[in-house]
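Quick notes on the structure that follows.
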Protein chains: 2
Amino acid sequence: MDKPQPDDLKDAGLKSTVPRLNILALFKSGQERHMSAEDVYKQLLAKGDDVGLATVYRVLTQFEQAGLLVRHYFEGGKSVFELNQGKHHDHIVCLQCGHVEEFYDADIESRQEKVATERGFAVHNHSLHIYADCNKKACPHKH
Amino acid sequence: MDKPQPDDLKDAGLKSTVPRLNILALFKSGQERHMSAEDVYKQLLAKGDDVGLATVYRVLTQFEQAGLLVRHYFEGGKSVFELNQGKHHDHIVCLQCGHVEEFYDADIESRQEKVATERGFAVHNHSLHIYADCNKKACPHKH
DNA sequence: GCGTAGATGATAATAGTTCTCATTTGCAAC
DNA sequence: GTTGCAAATGAGAACTATTATCATCTACGC
Ligand SMILES: [Mn+2]
Ligand SMILES: [Mn+2]
Ligand SMILES: [Zn+2]
Ligand SMILES: [Zn+2]
């Protein structure tokens, strides 16, 4: 659909290179929305793109700093990235199948802000992860 | 104050041993409420308790499973433990000094439950971490 | 096309955590 | 109070996720 162009990277202050375009293309392909460095690496190799793991890690961090991607620290140790689409949201993670569902609740957001400012804190960011089971019978969410 | 007794461990289904009692004592001493495995290890050594790092990791996990401790995954990679006092709460972490402040907001809690059940999920647990700055001048929270 | 700053990728290094296994210890039965 | 043994410990190896190093390659302005 919308294949990334060199300018997508240049506009973000990054030189246009083959690995960067491939990584951005993978996220824009929409196959999987939330991916770890390892996920990205394997998907690229599977697709025939030749890339180094170190480059994947570097580029993901650069993309995060450039605001192209958002990083999440779910339970399990490895960080997970997703395309930054401007709209903040939180996550429900299925403990059975790993499916991730997104949500936004304005009340929760404003109450968080209230709680923090009441205590004299200036909020930078927050993470709200709900860990749950989605299974009625067998996990309906394909993974 | 209330030094842990062998029965504190036995009641939790764990054999009473020196390292386990020492670790539990450290958490009950209230010096620091939120500690990583490394924190616990160093504090015990500093106090003169001879213990192995592997034992600290093992015991922390056992205590978590036994419900004596709660584990948190804050940003930064390492898990952090605190005494389980029965009352769930969430956390504000100061990005400058690392100070952790606890809070509980019933509205946030109930809205989370609502959001999850509306989507067909059965909540197991959740984590809400607010990352913020506490600094008005210099960080008031000693660390 | 050239030159060069910046990017890449193989690999080494690091951090946090778990595993292995020989030794020690808690505790219950004598 | 000994003894026996399953369970626990601790030193170190192994593992996983990630970052650092550095020789080679490449994008791109001239
Ligand atoms: Mn998301
Ligand atoms: Mn706490
Ligand atoms: Zn599921
Ligand atoms: Zn602070």
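Reminder, nothing fancy here: chain letters follow the sequence lines and each chain counts from 1. Please read these numbers as outputs of a predicted model, since none were measured by experiment.
Listed by first and then second residue, the salt bridge (charged side-chain N to carboxylate O under 4.0 Å, His left out) pairs involving residues 64-79 of chain A are A/Glu64-A/Arg71 (not counting sequence neighbours). Among residue pairs with one or both ends in residues 10-27 of chain A, none qualify as salt bridge (charged side-chain N to carboxylate O under 4.0 Å, His left out); sequence neighbours excluded. For residues 39-70 of chain A, there are no ring pair (Phe, Tyr, Trp, His ring centres under 6.0 Å) pairs, not counting sequence neighbours.
With B/Gln5 contributing its side chain and B/Lys3 its backbone, the two residues share a donor-acceptor pair below 3.5 Å.
A/His129 meets the ring pair (Phe, Tyr, Trp, His ring centres under 6.0 Å) test with A/Phe74; sequence neighbours excluded. The side-chain hydrogen bond (donor to acceptor under 3.5 Å, both in side chains) check on B/Asp8 picks up nothing, with sequence neighbours excluded. A/Gln96 pairs by the side-chain hydrogen bond (donor to acceptor under 3.5 Å, both in side chains) definition with A/Asp133, not counting sequence neighbours. Residues passing the side-chain hydrogen bond (donor to acceptor under 3.5 Å, both in side chains) test with B/His89 are B/Glu82, B/His91, B/Glu102, sequence neighbours excluded.
A/His126 places a side-chain heavy atom less than 4.5 Å from the side chain of A/His88. Residues A/Gln62 and A/Leu68 have side chains not in contact (no heavy-atom distance under 4.5 Å, counting atoms from C-beta outward). The side-chain heavy atoms of A/Leu44 and A/Leu26, taken from C-beta on, include a pair separated by under 4.5 Å. For the pair B/Val51/B/Asn22, no side-chain contact is recorded, criterion being any heavy-atom separation below 4.5 Å from C-beta on. Two residues are said to be in side-chain contact when any heavy atoms from C-beta on lie closer than 4.5 Å; A/Leu69 and A/Phe27 meet this criterion. You'll find the side chain of B/Glu113 reaches within 4.5 Å of the side chain of B/Val123, heavy atoms only.
Residues of residues 56-76 of chain B that place a heavy atom closer than 4.0 Å to DNA chain C, in numerical order, are B/Tyr57, B/Arg58. Within residues 43-50 of chain B, no residue approaches DNA chain C, by heavy-atom distance under 4.0 Å. Within residues 9-20 of chain A, the residues having any heavy atom closer than 4.0 Å to DNA chain D are, in order of number, A/Lys10, A/Lys15, A/Ser16, A/Val18.
Nucleic acid contact for B/Ser79: sugar-phosphate only, since backbone atoms but no base atoms lie under 4.0 Å from a heavy atom of the residue.
Across the interface with DNA chain C, nearest-nucleotide mapping of B/Gly77 and A/Thr55 shows A/Thr55 to be the residue nearer the 5′ end. Annotation: of the two residues near DNA chain C, A/Tyr41 and B/Ala37, the 5′-most nearest-nucleotide partner is A/Tyr41.
Remark: B/Lys114 NZ is loosely packed, at most 12 non-hydrogen atoms of other residues, nucleotides or ligands lying under 6.0 Å away.
The span of DNA chain D lying next to chain B, judged by atoms under 4.0 Å from heavy atoms, is bounded 5' to 3' by D/dA7 to D/dG12. Here chain A contacts DNA chain C (any atom closer than 4.0 Å to a heavy atom, that is under 4.0 Å), and the contacts span C/dG6 to C/dT11 from 5' to 3'.
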